Amino acid sequence: MTNTELGIERWQHNIMNNYGTPAIVLERGQGARVWDVDGREYIDFLAGIAVNILGHAHPAIIEAVTKQLSTLGHVSNFAAHKPGLELAERLISLVGKPGKVFFCNSGAEVNETAIKISRMTGKSHIASLEHSFHGRTMGALTLTGQPKKYEPFRPLLPDVTFSEPNDIEGLRAAITPKTSALWLEPIQGEGGVLPLTREFMQASRQFCTDNSALLVVDEVQTGIARTGTWFAYEHSDIEPDVLLLAKGLGGGIPIGACIALGEYGDLLGPSSHGATFGGNPVASAAALAVLRVVEEDNLMARALEIEAAFRAGLENAPGVIEVRGEGAMIGVKIAGDYAPAVEKRARELGLIINAPNTEIIRLVPPLVVTDEDLRVGIERLVQALGDCAQS
Ligand SMILES: Cc1ncc(COP(=O)(O)O)c(C=O)c1O
């Protein structure tokens, strides 16, 4: 029995099957490479699903976390602490508008926080988009436009409706004076790396303003330099009322930030919400390190170089009908429903990718991926595409 087989057997005995059985058991990582328990090496174009912006074992995160843990690791939310204060100020300065931050641990939690903020407007209707993904907790799940994910868990939150992404007329009809908020991801990640158009984003802003509804922009996956700007909404020249961040913010240390801008930052008062671990000193220190390295190493520009490499390498690859997305968040649409087979074949060839649906391959590598890893990874993907298109 290999170490991988043994690991998978242990997994099957002891871990809930909500993800399905994993195909690999990983042991260590460095940059954009990981190794499994049998010593096989992979190039990682998934990065913990758009989390490991600085790759694996980045010295800046290791140093920040180690230093903070040996100084002050965790305190309750009854005390403020320097890394949390600094991180909140830094995030607000990146958004460039006054606002207030709530720290938590995950993407689902930032969405739950924003749901509570939206309820504080005194209205309850929430408009969301088909194919969207906002998390697995009951509120975030209700806003997720994927019936397969929410149907088994009814009853859900009341008063949530869905319209199609990029359908401006559908959106116009969906948002009324009774709407408390519109939820959107600038690029729908789990829904298949589907970018919302600039026109749709601008119409979203306008309809929300016209109806006194909050525009909640879920950048859990697109945020923190992944699309070539700090936040993906910047590409459309709009401003959100509430901005949701998680995944890449901590570079692998769990942290989420719900940033409510202007007056909306004051909607949640004492005892209205909380999270024991939210933005603790260690998680905040990790996030500060991520933000510093993104800036110092110019990783926003790097995201655009990654996009250019993917487009050049994949647009004419076997079976590819579209390469879409922005920066280091790319979806490859193939001419058939064999994306899971490509994912499997790529893994055999030493490349980790994933298929959010049967026709799309998602590429969200670390922004620190080297030119060499990018080249080899693309080569392996092209081979996997060719092998699967032929068979
Ligand atoms: C846009 C978006 N929102 C929310 C979530 C949920 O994040 P988490 O799994 O950290 O709860 C995800 C996760 O993929 C996401 O992509």
Side-chain angles (χ1 to χ4, degrees), residues 16 18-20 45-53 102-118 126-146 148-150 153 157 160 162 165 181-196 201 204 215-227 230-233 235 240 242-259 275 277-279 283 286-287 290 325-331 353-357 360-365:
M16 287 189 196
N18 53 300
Y19 299 111
F45 278 180
L46 187 58
I49 316 188
V51 166
N52 303 310
I53 281 191
F102 173 82
F103 288 121
C104 50
N105 312 285
S106 68
E109 283 173 277
V110 287
N111 277 278
E112 294 295 335
T113 308
I115 292 169
K116 279 193 172 174
I117 292 174
S118 74
I126 292 177
S128 186
L129 298 179
E130 300 285 1
H131 321 296
S132 60
F133 185 81
H134 299 291
R136 302 290 192 156
T137 52
M138 290 303 287
L141 182 64
T142 302
L143 307 187
T144 289
Q146 302 187 34
K148 214 175 106 191
K149 294 194 169 70
Y150 64 68
F153 299 103
L157 285 188
V160 175
F162 297 94
L182 165 66
W183 243 256
L184 55 79
E185 303 152 83
I187 302 176
Q188 292 189 331
E190 300 306 303
V193 194
L194 181 78
L196 299 185
M201 292 287 282
S204 299
L215 176 59
V216 179
V217 178
D218 180 345
E219 296 234 21
V220 165
Q221 197 159 148
T222 52
I224 317 294
R226 181 150 292 282
T227 71
W230 279 113
F231 311 114
Y233 70 77
H235 296 293
V242 181
L243 172 64
L244 307 181
L245 303 170
K247 287 191 184 277
L249 177 59
I253 303 295
I255 183 166
C258 170
I259 307 172
F277 297 109
V290 169
E326 230 154 339
M329 182 168 179
I330 293 294
I353 52 174
N354 104 309
N357 66 44
I360 302 286
I361 291 148
R362 171 171 46 187
L363 307 170
V364 280

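Given the structure is predicted, the values throughout are model-derived calculations rather than measurements. Whatever order the structure lists ligands and atoms in, that order sets their numbers, starting from 1. For the single chain, residues carry numbers from 1 onward in sequence order.
- Atom CD1 of I115 and atom OG1 of T137 lie 6.5 Å apart (nearest 0.5 Å).
- For the side chain to side chain donor-acceptor pair (under 3.5 Å) test, no residue two or more places apart in sequence or in another chain qualifies with S118.
- Around ligand 1, the residues contributing at least one heavy atom under 4.0 Å from the ligand are S106, G107, A108, N111, F133, H134, G135, E185, E190, D218, V220, Q221, K247.
- Listed for the T222 side chain is no donor-acceptor partner under 3.5 Å among the backbone atoms of T227.
- Take A50 and apply the side chain to side chain contact (heavy atoms under 4.5 Å, CB included) test, not counting sequence neighbours, and it matches Q221, R226, K247, V364.
- With sequence neighbours excluded, the residues satisfying side chain to side chain contact (heavy atoms under 4.5 Å, CB included) with L196 are L129, P165, N166, L184, F200, M201.
- With H134 as the fixed residue, the side-chain hydrogen bond (donor to acceptor under 3.5 Å, both in side chains) test singles out one of T144, D218, T142: D218.
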